[in-house]
Amino acid sequence: MLKILLAILGCIIVFKSSAATVTVYNNNQKVQENVVVWLAPEQASGVNINKSLFTMTQKNRQFTPHILVVEKNSQVEFPNADSIMHHVYSFSKSKTFELKLYREQPQDPITFEQTGVVELGCNIHDWMLGYIVIVDSPYYAITNEQGVASFDIPNGAYKLNVWHEGFRDISNIESQEVVITNNKLSYQLKQKLILPIRVEVDEFDDYE
């Protein structure tokens, strides 16, 4: 009986969750918003990966959301909410694909089998740019205006991963080992961010 009680107690300790936060700072020692942060368990057993269907919409000649985070092997649909046609593509190493000129809904969603960063473009509208970050963990978030990403996560050892679209090499994900025990963690980006150039949306084209 004592062994059973100890085993139950051990399970409770192992799977105890914490409300952890990660605050990300840039090279100027200022908090950085819009950083993708995910915590990958060192021991993946017992972690349920969400393989739900995600959505990356084209609306008002923009990708919405601008950054989408999904788990490995998830599917993403690309509905076109505009009255014009779009031609979505990616040449990224993690996933190369092309959805040729279409309106409304393409026939099939795209499966993202490899972790990494996928940069999206539209072959008609050059200013359209979006990102899909494929991760190997259900514990992910994007930092808010205060540079904070929040998690409800079991205690344990993790690899902390961070990514921002301003990295010169968008495939260069930063990471470090951390231990979660009801922590308030902080992380300073090693790479200097290159702020994206905002291009005005062209309201007129020949693909009505």
Quiz item: At what distance, to the nearest 0.5 angstrom, does CZ of R103 lie from CG of N80?
Solution: 8.5 Å

Quiz item: How long is the span from the OG1 atom in T57 to the CD atom in E77, to the nearest 0.5 Å?
Solution: 7.5 Å

Quiz item: Does one hydrophobic cluster hold both V37 and L193, with members joined at side-chain heavy-atom distances below 4.5 Å?
Solution: yes

Quiz item: Can you say whether the rings of Y139 and Y158 are parallel (under 30°), tilted (30 to 60°) or perpendicular (over 60°)?
Solution: perpendicular

Self-check item: Joint hydrophobic cluster, V148 plus F151, side-chain heavy atoms closer than 4.5 Å
Solution: no

Quiz item: Linking I/L/V/M/F/W/Y whenever any side-chain heavy atoms sit under 4.5 Å apart, do F97 and M128 land together?
Solution: yes

Quiz item: Should W127 and Q62 count as side-chain neighbours, where that means a heavy-atom distance under 4.5 Å?
Solution: yes

Practice problem: Give the intermediate values and the outcome of side-chain contact (heavy atoms from CB on, under 4.5 Å) for residues R61 and D82. | Solution: CA-CA 7 Å; R61 297 173 171 83; D82 288 330; 4.1 Å; yes

Quiz prompt | Flag if over 12 foreign heavy atoms under 6.0 Å of NZ, K190 | solution = yes

Practice problem: Apply side-chain contact (heavy atoms from CB on, under 4.5 Å) to I110 and L99, showing your working. | Solution: CA-CA 10 Å; I110 303 295; L99 297 173; 4.2 Å; yes

Self-check item: P65 side chain reached by I67 side chain, heavy atoms, under 4.5 Å
Solution: no

Exercise. Please check if L129 and I142 belong to a single hydrophobic cluster, counting links between Ile, Leu, Val, Met, Phe, Trp and Tyr side chain heavy atoms closer than 4.5 Å.
Key: yes

Quiz item: Do you know which two heavy atoms are closest between E71 and S74, and how far apart they sit?
Solution: O-OG, 2.8 Å

Quiz item: Around E177, counting heavy atoms of other residues, nucleotides and ligands shown, do more than 12 lie under 6.0 Å from its CD?
Solution: yes

Self-check item: Derivation of the side-chain contact (heavy atoms from CB on, under 4.5 Å) call for Q146 and T23
Solution: CA-CA 8 Å; Q146 289 73 45; T23 304; over 6 Å; no

Exercise. Using a 4.5 Å cut-off on heavy atoms from C-beta on, say whether the side chain of F54 contacts that of V69.
Key: no

Quiz item: Do N73 and E113 come close enough that some side-chain heavy atom pair is under 4.5 Å?
Solution: yes

Practice problem: Tell me, please, which residues at least two apart from Q191 pass side chain to side chain donor-acceptor pair (under 3.5 Å). | Solution: E174

Exercise. Kindly determine whether Y187 and Q32 satisfy side-chain contact (heavy atoms from CB on, under 4.5 Å), including the steps that lead there.
Key: CA-CA 10 Å; Y187 182 86; Q32 183 62 52; over 6 Å; no

Quiz prompt | Shared hydrophobic cluster for I170 and L68 (ILVMFWY, side-chain gaps under 4.5 Å) | solution = yes

Practice problem: Report yes or no: does K95 contribute a side-chain atom to a donor-acceptor pair with the main-chain N or O of T111 at less than 3.5 Å? | Solution: yes

Practice problem: Please examine the side chains of E165 and E119, heavy atoms only from C-beta on, and report whether any two atoms are closer than 4.5 Å. | Solution: no

Self-check item: Among N161, V162, V133, T115, side chain to side chain contact (heavy atoms under 4.5 Å, CB included) partner for I173
Solution: N161

Self-check item: From I134 atom CD1 to K72 atom NZ, the distance as rounded to the nearest 0.5 Å
Solution: 11.0 Å

Quiz item: Between H87 and Y89, how do the two ring planes meet: parallel, tilted or perpendicular, split at 30° and 60°?
Solution: perpendicular

Practice problem: Could you label the plane-to-plane angle of the H125 and H86 rings as parallel, tilted or perpendicular, counting under 30° as parallel and over 60° as perpendicular? | Solution: perpendicular

Practice problem: With rounding to the nearest 0.5 Å, note down the distance linking CH2 in W163 to OG in S171. | Solution: 10.5 Å

